[in-house]
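Everything below concerns the one structure shown next.
Chain naming here is simple, since letters A, B, ... match the order of the sequence lines and numbering starts at 1 in each.
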Amino acid sequence: MANQPIDRFKSQVFHILSEIPKGECIAYGELAKLAGFPGYARQVGSLMKNLPKDTKLPWHRVINAQRRISFAENTDGYLRQKEKLEKEGWVIVGSKLTFNENSIKK
DNA sequence: CGCAGGGCCCAAG
DNA sequence: TCTTGGGCCCTGC
């Protein structure tokens, strides 16, 4: 298509996303930046939105810069992401995402 | 061609 | 911690 840069951007995003190891997380902005398109955070969100349910990409490891899940708590997207993250050692502390390294801080 | 909106980001209060 | 307000880029109507 005409949007080659964007097309590459998408590919990069998906690639990077697939390379994210368990226990790691990345912000939309960071992801976009690594993809070579700093400032395209919103587009990353659009891509996530477009992801199929059967995707094997760890989209749940993508969070916002505030280190929070960008969904409202009453949405199933939030719940799904939360579950996956918790399985990988993440914990929700006051709406904030925190990595549980062996033991939660105090 | 303009406008609203999105899994955003950042700074203030 | 939450709410505003500005800016970021792209898509859809």
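Relative to the side chain of Ser70(A), the nucleotides dC10(C), dC8(B), dC9(B) differ in distance, and dC8(B) lies closest. Here the nucleotide nearest the side chain of Lys96(A), chosen from dT1(C), dG6(B), dC9(B), is dT1(C). Residue Ala41(A) has its side chain nearest to dC9(B) when only dG7(B), dC9(B), dG6(B) are considered. Nearest to the side chain of Val62(A), among dT11(C), dT1(C), dG7(B), sits dG7(B).
Pair assignment for dG2(B) gives dC13(C), based on Watson-Crick or G-U wobble hydrogen-bonding distances that are each under 3.5 Å. With both pairing distances under 3.5 Å, dG7(B) is matched to nothing as a Watson-Crick or G-U wobble pair.
Atom CZ in Phe37(A) sits about 19 Å away from atom C1' in dC9(B), given to the nearest Å. Rounding to whole angstrom units, CG of residue Asn64(A) and P of dC10(B) are separated by 9 Å. Protein atom CZ of Phe9(A) is 11 Å distant from nucleotide atom P of dT11(C), rounded to whole Å. Atom C1' of nucleotide dC9(B) and atom CD1 of Ile69(A) are separated by 18 Å, given to the nearest angstrom. Arg68(A) places its CZ atom 13 Å from the C1' atom of dC9(B), with the value rounded to the nearest Å. Atoms NZ (Lys53(A)) and C1' (dG7(B)) sit 17 Å apart, rounded to a whole Å. Rounding to whole angstrom units, CD of residue Gln66(A) and C1' of dA12(B) are separated by 13 Å. Summarising the geometry, the separation between CG on Asn50(A) and C1' on dG12(C) is reported as 12 Å, rounded to the nearest angstrom.
Within 4.0 Å of Tyr40(A), counting heavy atoms only, lie sugar-phosphate atoms of the nucleic acid but no base atom. Using a 4.0 Å heavy-atom cutoff across all strands shown, Gly77(A) reaches no nucleic acid atom at all.
The backbone N or O of His60(A) lies less than 3.5 Å from a partner atom in the side chain of Gln81(A), making a donor-acceptor pair. Here the side chain of Thr55(A) pairs no donor or acceptor atom with the backbone of Pro52(A) at under 3.5 angstrom.
Annotation: side chain of Ile63(A) is not in contact with side chain of Ile26(A) (no heavy-atom distance under 4.5 Å). No side-chain heavy atom of Tyr28(A) sits under 4.5 Å from any side-chain heavy atom of Leu47(A). Counting heavy atoms from C-beta on, the side chains of Glu24(A) and Pro58(A) never come closer than 4.5 Å. Looking at heavy atoms from C-beta onward, Phe14(A) lies in side-chain contact with Leu51(A) at the 4.5 angstrom threshold.
Contact annotation: Arg42(A) side-chain N/O to dA4(B) OP1/OP2 distance is not under 4.0 Å. Close to dT11(C), at under 4.0 Å from its OP1 or OP2, lies no side-chain N or O of Ser46(A). Contact between the side-chain N/O atoms of Lys49(A) and the OP1/OP2 oxygens of dG7(B) is found at a separation under 4.0 Å.
For a distance-only test at 3.5 Å, the side chain of Tyr78(A) fails to qualify as a donor-acceptor partner of the base of dG7(B).
On the P atoms, dG6(C) is 22 Å away from dG7(B), given to the nearest whole Å.
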